[in-house]
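Structure first, commentary second.
Proteins get letters first, then strands, A, B, ... in listed order; numbering begins at 1 in each. In this text the structure is predicted, and so the values were computed from the model without any measurement. Below, all heavy atoms of this structure are taken into account, side chains as well, without hydrogens, waters or symmetry copies.
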Amino acid sequence: MDYDFAKIERKWQEFWQENKTFRAEDFSRKKKFYCLVEFPYPSGDGLHVGHPRSYTALDILSRKKRMQGFNVLFPMGFDSFGLPTENYAIKTGIHPAKITKKNTERFTSQLKSLGFSFDWDRVISTSDPGYYRWTQWIFLKLYEKGLAYKARIPINWCLSCKIGLANEEVVDGACERCGGKVEKREIEQWMLKITAYADKLLDGLKDLDFLDKIKAQQSNWIGRSEGAELDFGLKNSKDKIRVYTTRPDTLFGATYMVLAPEHELVRRITTPDRAAEVEEYRRRCAKLSDIERQENKEKTGAFTGAYAVNPVNGADIPIWIADYVLTSYGTGAIMAVPAHDERDFEFARKFKLPIRCINRPAPGDAAKAGLSVEKVLEGEVCWTGDGELINSANADGLDINGMNIAAAKARTIAWLNERGIGEKSVKYKLRDWVFSRQRYWGEPIPMVHCHDCGWVPLPESELPLLLPDVDRYEPCDGGQSPLAGISGWVDTKCPKCGGPARRETDTMPNWAGSSWYFLRYIDPDNNSAFADPEKLKYWMPVDWYNGGMEHTTLHLLYSRFWNIFLHDCGLVPTSEPYKKRTSHGMVLGEGGEKMSKSRGNVINPDDVVRQHGADVFRVYEMFIGPFDQAAAWDTKGIAGVDRFIRKVWKTFTETKIAERRMTRDEERILHATVKKVSEDIDSLDLNTAVSQMMICMNELSKSADIPREAAESFVRILCPFAPHIAEELWERLGRPAPVSLAEWPGFDANLAKADEVEILVQINGRPRVRFKAPAGTDKDALVKMAMENPEVLPAIAGRTVLKTVSVPDRLVNIVLKT
RNA sequence: GCGCGGGUGGCGGAACUGGCAGACGCGCCAGACUUAGGAUCUGGUGGAGAAAUCCAUGGGGGUUCGAGUCCUCUCCCGCGCACCA
């Protein structure tokens with residue numbers, strides 16, 4: 001009988017929908033399992049073949065958990081605010097909401113055609129007022145707790161998108177989205193104080209089951225460093241300059257100081273004779289874009305003519321300005337220790353500044369780095385490793401000579417503390433989150449500016465603050481959002497005093513909606529809270545979250561921030577939202593290049609489904625390679641999976657299902673397969689799970705009939721991968737539908753093992769002979785069998801056996817004296 | 001430069017705590033059946049050799065009875081961060 005996949009797939013998709021097979025039940029007695037995939041942005045291009053890779057993998061996991069008796073929440077939604085839709089609206093004049101609706105419908109039907117076991121009753125869309133009402137509500141909470149503020153700050157301004165970008169959205173000095181030029185502009189922006197959560201975001205990582213590289217990326221991004229802040233007095237002045245250093249132990253080696261060119265004290269301290277050059281240098285730096293500043297790593301700088309006094313030894317040290325010191329980090333000023341810092345060393349060499357070694361490496365350590373201790377002592381090379389402090393004592397009670405870095409640090413900080421010159425200080429690379437976008441298609445920020453009262457939050461009762469209808473979506477030239485042009489919307493009354501006021505016209509970035517969506521799935525229709533606390537308590541945290549590596553620094557950090565914040569407010573039950581996080585590899589075009597319209601190598605999932613069916617598509621995407629690694633699409637490779645699925649169909653529809661017991665061989669292969677597939681799903685090693693099912697199928701298809709037990713087990717483990725064909729075969733086996741909720745087969749590890757194994761005999765590590773032995777034969781017995789083997793006897797005759805090594809079920813190695 | 005991953009047949013990739021390298025699939029070769037189809041079935045397929053054997057997991061050293069797997073040095077590729085004091 002022909003395998004009419006189109007008909008079968010439609011039939012079962014309708015069945016699942018009508019019977020709500022995959023509905024997640026709130027407060028079920030079963031153990032819960034919350035399985036989450038990143039929801040897509042409903043772009044006009046439709047589903048990419050990359051989406052189903054992640055969705056299929058976690059669908060398989062969800063389906064297996066369900067069959068194992070878990071109450072599974074596996075939801076889907078749409079991250080529907082965003083720039084591409086808005087740009088399309090600008091081009092065509094069609095309202096973004098209409099475009100979004102159309103795209104969402106297309107995505108929905110594509111997703112349904114792939115047979116994912118989503119609970120379709122929980123679909124959410126971030127641009128839906130019923131949803132963004134709560135995004136706005138959370139913003140008001142953040143404002144209430146002092147974590148949202150407006151500030152005039154230099155931001156990254158994309159000239160082509162006419163939009164402010166978060167630091168995270170600037171890649172290589174260019175706009176992440178359009179690749180356009182980015183420049184600095186000072187604009188009033190709403191900011192979220194994510195830096196207040198830097199430590200919690202860092203500490204929270206410890207106990208999470210995230211891939212190591214994900215943890216590493218998050219913690220690098222937060223960039224915590226411990227050091228000290230301290231004051232350097234100015235020579236001939238009462239002014240002080242505060243520096244930040246991670247190496248207070250090197251204070252005796254500080255031979256000059258550097259301020260960022262933009263540092264506020266520069267003008268004040270520069271001596272008249274140096275003013276022209278300093279001004280010139282400052283001007284040059286201001287002109288450079290971030291990219292240019294990054295490209296040119298050769299050190300530049302200018303001397304201000306002023307001197308600071310090193311607090312530990314009273315030495316006068318010259319003050320320079322240089323663009324290798326950044327205003328945005330630390331205090332914008334550093335003490336330079338050229339002997340023990342690569343950058344300072346390079347700068348000192350170029351400008352002939354003194355290099356004073358105060359840390360002697362152990363000879364071994366120096367040799368390992370290819371350096372000699374003498375050169376370090378003479379200041380001819382830079383030493384950043386640990387060693388023994390030298391030349392580091394003063395008459396004022398500080399003596400760190402002979403100490404290592406850690407001890408010297410602690411002692412120096414204590415000394416600074418005693419004198420009120422400085423103290424321990426912790427810094428982060430993480431910056432506050434720029435939360436304003438000068439755009440239309442985003443959540444309006446629910447704030448009103450009153451002439452008398454300043455910024456006033458909208459009362460909760462006025463949420464959602466709806467986006468008004470407009471005809472044009474272009475940002476205004478002054479950098480203002482299109483909303484600024486609608487006076488009927490902008491002009492309002494102050495919620496506090498009733499006086500005339502203006503609404504905020506910026507909208508939120510598209511990271512806003514995705515920062516809490518996992519909470520809304522739990523209670524998507526709630527009108528009185530973002531989610532019911534009891535339901536949150538039942539479902540949270542997310543047990544397994546999979547998404548792209550590209551979201552590791554942004555989305556993952558932002559959403560953890562919001563969840564930790566909501567937890568601090570007592571609104572969600574767990575501090576961390578995601579227990580486990582994995583990432584999938586990208587699906588590349590044929591030949592390993594990225595899929596793109598311009599390369600013409602885009603594979604449309606609809607075509608694959610039409611040609612091969614959803615089941616083949618799903619299994620192929622799992623078989624393509626290790627889940628976490630990039631994989632290139634291979635049209636020929638689908639043929640192998642297509643053959644496998646057809647073989648399954650043929651075997652089960654044409655071979656007699658026998659009411660007999662399994663043979664020992666059948667029993668062994670079946671238990672081995674159930675074991676391997678069960679374990680592989682739990683670790684998402686889905687390529688090897690598929691391969692095992694192929695092996696099993698090849699075996700089963702050899703016999704004249706298939707015992708019922710084998711057939712039923714096989715169909716059940718196939719179900720998560722190829723659910724449509726599994727349902728159909730299950731029905732044909734006379735079992736009640738759906739197999740999707742049938743019990744997952746168990747296995748007996750002992751039955752999965754062969755009864756008889758082949759033992760390899762090695763002589764001096766060289767393979768010699770093989771013999772059969774019952775599985776589990778003990779070491780000594782194996783050695784005895786090997787030594788008595790007729791082919792081994794002559795090889796060892798008359799020679800001294802030094803040692804025998806015996807590994808049960810594997811091999812015996814006889815080591816002879818040579 | 002720093003931090004994570006990786007280098008295994010013609011290709012995608014297997015290989016549990018060290019134990020017969022190359023599972024499974026693609027491709028290729030031969031045969032069967034058909035012969036219009038990316039059809040199906042059977043057998044073969046790392047390299048060299050007639051064979052016994054020998055050589056093979058980026059390269060060099062090492063540990064071990066035994067190394068793709070552990071240690072060490074080194075080369076290449078991908079990703080992330082990058083003048084963060």
In Watson-Crick or G-U wobble terms, with both distances under 3.5 Å, the base opposite B:rA39 is none
Considering only heavy side-chain atoms of A:K650, the closest of B:rC83, B:rU40, B:rA85 is B:rU40
Closest of B:rC26, B:rC65, B:rA85 to the A:D341 side chain is B:rA85
If pairing means Watson-Crick or G-U wobble with both distances under 3.5 Å, then the partner of B:rG46 is B:rC55
Taking a pair to mean Watson-Crick or G-U wobble geometry with both distances below 3.5 Å, B:rU34 pairs with none
Check your understanding: Using the P atom in both, what is the distance from B:rA15 to B:rC70, to the nearest Å?
Key -> 14 Å
- Task: For B:rC11 versus B:rG27, give the span between their C1' atoms, rounded off to a whole number of Å.
- Result: 7 Å
* Asked: For the ring pair A:F347 and A:Y256, is the centre-to-centre distance below 6.0 Å?
  -> yes
In Watson-Crick or G-U wobble terms, with both distances under 3.5 Å, the base opposite B:rA67 is none
Hey, does A:D344 reach any base, or is it just sugar-phosphate, or nothing, if we go heavy atoms under 4.0 Å? nothing
_Would you say that A:V801 contacts A:M787 through its side chain, given a criterion of any heavy-atom pair below 4.5 Å between the two side chains?_
yes
Q. Reckon A:K636 touches a base, only the sugar-phosphate, or nothing at all at heavy-atom distances under 4.0 Å?
A. sugar-phosphate
Taking a pair to mean Watson-Crick or G-U wobble geometry with both distances below 3.5 Å, B:rA15 pairs with none
Checklist line | Within 45° cone of A:Y329 ring axis and under 6.0 Å: A:K427 NZ or CZ | finding: no
| If you look at every strand shown and take non-hydrogen atoms under 4.0 Å, does A:Q611 touch a base, only sugar-phosphate, or nothing? | base
| message | Within the 4.0 Å heavy-atom criterion, would you say A:S225 contacts the bases, only the backbone, or no part of the nucleic acid? | response | sugar-phosphate
**Study point:** Nearest-angstrom distance, P atom, B:rG80 to B:rU74
**Key:** 26 Å
Task: Separation of the P atoms in B:rG58 and B:rG10, to the nearest angstrom - done: 14 Å
Requested in this report: For A:H612, report the nucleic acid contact type (base, sugar-phosphate, nothing); a contact means any heavy atom under 4.0 Å.
Outcome: base
Partner of B:rC81 under the Watson-Crick or G-U wobble criteria, both distances under 3.5 Å, comes out as B:rG1
* Report yes if a donor N or O on one partner sits less than 3.5 Å from an acceptor N or O on the other, where the partners are the side chain of A:K299 and the base of B:rC83; otherwise report no. => yes
Taking a pair to mean Watson-Crick or G-U wobble geometry with both distances below 3.5 Å, B:rG9 pairs with none
So, with a heavy-atom separation below 4.0 Å from RNA chain B, the residues of residues 771-779 of chain A are none
**Prompt:** Is any side-chain nitrogen or oxygen of A:Y244 closer than 4.0 Å to OP1 or OP2 of B:rA85?
**Reply:** no
Going 5' to 3' through nucleotides 7-22 of chain B and flagging B where a protein heavy-atom sits under 4.0 Å of the base, S where only the sugar-phosphate is that close, and - otherwise, we get -----BSS-B--BB--
What distance, rounded to whole Å, do you find between the two P atoms, one in B:rG66 and one in B:rC55? 15 Å
Of the candidates B:rA23, B:rU40, B:rG3, the side chain of A:A216 sits closest to B:rG3
